[in-house]
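Atoms within each ligand, like the ligands themselves, are counted from 1 in listed order.
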Amino acid sequence: MKRLLILLTLLAPPPAVSGQTEVVSGQQGMVATVHPLATQAARKAFANGGNAVDAALTAAITLGVVDGYNSGIGGGCFILIRTPSGKLYAIDGRETAPRQATVEMYYRDGKADTALSQVGALASGTPGAIAAYHLAWRKCGQLAWSEHFTEAAKIAREGFPISERYSRILAGKQEMFERFSGSRKVFIHNGKTLAADERLVQADLARTLDGIATHGPSYFYRGPVAKKISEWMANNGGVLNEQDFVNYRAKTRKPIVTSYRGHTVIGMPPPSSGGIHVAQILNMLEQFPVRDMYLEQPAQYIHHVAEAMKLAFADRAFYLGDPDFTRVPSGLISKPYAQQLANRIDSTASMSVESHGLPPHRIPLKPQRHTTHIAAADQQGYWVAMTATINTSFGSKVIVPGTGIVLNNEMDDFALAPGVANAFGLIGSDANKVESRKRPLSSMSPTIVLDKGSQQPLFTLGAAGGPKIITSVVLGISGVIDLELSPYDTLKKPRFHHQWSPDRLYLEQSHNPEIGVAMKALGHNVYSTSSAGVMQMIYQNPETGEFTGVVEPRNRDW
Ligand code: GLY
């Protein structure tokens with residue numbers, strides 16, 4: 001399918017087959033998603049009298065149908081909302097380890113085996129997406145609950161032609177889909193996964209969406225969906241059961257609220273690590289004249305930001321976990337702590353961060369794609385940043401027969417054992433070990449930034465890309481605030497990423513080669529990457545009130 005408009009305003013003309021639109025402006029409202037069908041559904045929500053929350057929920061439910069390798073109702077999400085009166089909601093719809101989950105479940109022959117946390121019955125936590133959507137809707141929605149499902153169910157029932165990218169990802173997973181009858185039925189026809197432009201029809205998923213639309217979340221958590229998933233799990237060596245669904249609750253958390261050069265930065269608290277580490281890295285950057293560095297010696301800008309990223313990720317591996325199970329130090333986001341860390345940054349050499357005694361680790365061969373971010377805002381004053389995921393592409397690779405639901409593989413976001421890296425190369429400590437009913441640590445970083453003068457929303461952003469979410473969001477905020485770039489130029493600018501472990505500085509290939517040379521000279525282990533993070537941003541001009549929405553310019557085929 002050709003890429004249509006993937007970002008629309010109420011005042012924009014109807015979608016045109018431009019194939020290239022990455023930035024749109026308008027006065028009344030804005031929604032930005034990675035997929036044109038999801039954006040169109042969200043636009044209808046606006047047209048039917050919904051607000052930005054309705055638009056974001058509609059987009060999320062539709063993305064689960066048309067972009068189901070990244071997110072869906074078999075997964076989880078974090079939703080950050082600012083209401084017109086300035087009230088904040090940080091809704092935690094993170095998947096939760098089943099009651100019967102244990103660390104030992106993932107051990108074979110004395111070793112933790114990530115194949116078990118990534119594919120099949122043991123990979124899934126209790127999905128939180130529907131509970132989080134419902135909570136957001138109860139707090140702020142203006143449309144009827146069922147309306148958010150109409151487009152998604154229709155597309156699932158009638159099908160839609162899949163993109164080149166979708167078909168490539170499907171083909172790469174064929175062997176794994178073959179193992180599960182529900183996945184085989186949906187994705188494999190005549191011995192092959194669907195090709196580009198073939199229609200993906202998801203009749204079971206359409207029925208499930210209709211059921212949730214009509215009966216509410218109980219259809220999912222206390223009805224046929226929980227029952228079917230539980231039965232499948234029992235027959236396939238899983239432990240997730242009906243009681244886990246009954247027990248599941250989306251939670252409202254206290255958002256992380258910090259400042260960056262006078263602007264207020266609002267982020268997601270644990271079990272996401274996003275809000276804390278975005279704030280921590282920004283706090284370190286506040287200690288340096290990064291704008292001057294960028295203008296005079298761009299390599300110094302990259303060096304200082306990368307060193308700050310490294311220090312933050314070392315803390316992530318040691319301290320971060322589900323706050324209902326572990327004490328996450330509040331001092332991580334304090335300015336004096338940031339100053340101490342910043343003092344360790346040497347402008348002449350990359351440092352080796354021997355932090356917290358964490359052991360060596362395995363480096364993943366190929367970080368995987370996954371997750372999606374939705375940005376929405378409206379003239380009433382609702383702002384929404386929602387990041388949703390089923391973890392790696394197609395999650396556990398399991399579609400539970402009769403439901404059409406792709407189950408997440410979020411159990412892989414736990415640290416299975418010290419030094420055992422997950423699909424993103426991340427390691428962790430006991431703070432993020434597998435425990436019954438615990439939420440695995442996330443990097444998702446939905447963020448809203450308030451203007452330093454008016455303290456009104458200035459922009460919202462978020463990204464996909466595992467740990468690259470955190471670093472992309474930092475670069476997005478620094479791009480607008482430090483480098484004074486337009487939202488579009490901020491997203492377009494070459495990105496870089498460091499996550500402490502592995503000790504690698506990833507530079508996007510679009511960087512000037514001289515940057516790579518300069519970074520090597522500073523002692524960085526430089527690796528090239530084609531793209532770091534998939535970001536959406538909405539910016540509101542404080543003078544004119546005009547919204548500008550930008551979708552990730554790096555991705556052209558959804
Ligand atoms: N599953 C990726 C994340 O939550 O960070």
Short side-chain to backbone donor-acceptor contact, T529 and L507, under 3.5 Å: no
Should you measure from each heavy atom of S443, which atoms of ligand 1 turn up under 4.0 Å away? 3 (C), 4 (O), 5 (O)
T33 side chain near V551 side chain, heavy-atom distance below 4.5 Å: no
Is any side-chain heavy atom of F220 closer than 4.5 Å to one of Y248? no
With a heavy-atom distance limit of 4.0 Å, tell me whether I469 approaches ligand 1 through its side chain, its backbone, both, or neither. neither
Kindly say whether I469 contributes a backbone atom to a donor-acceptor pair with the side chain of T471 at under 3.5 angstrom? no
Donor-acceptor check, side chain of E410 to backbone of E95, threshold 3.5 angstrom: yes or no? no
E410 N/O to ligand 1 N/O under 3.5 Å: yes
List the closest protein heavy-atom neighbour of atom 2 (C) of ligand 1: residue, atom name, distance to the nearest 0.1 Å. D413 OD2, 3.2 Å
Close-contact set for ligand 1 against R94 heavy atoms, below 4.0 Å: 4 (O)
Ignoring hydrogens, just give me the one of C77, S442, P440 whose non-hydrogen atom is nearest atom 4 (O) of ligand 1. S442
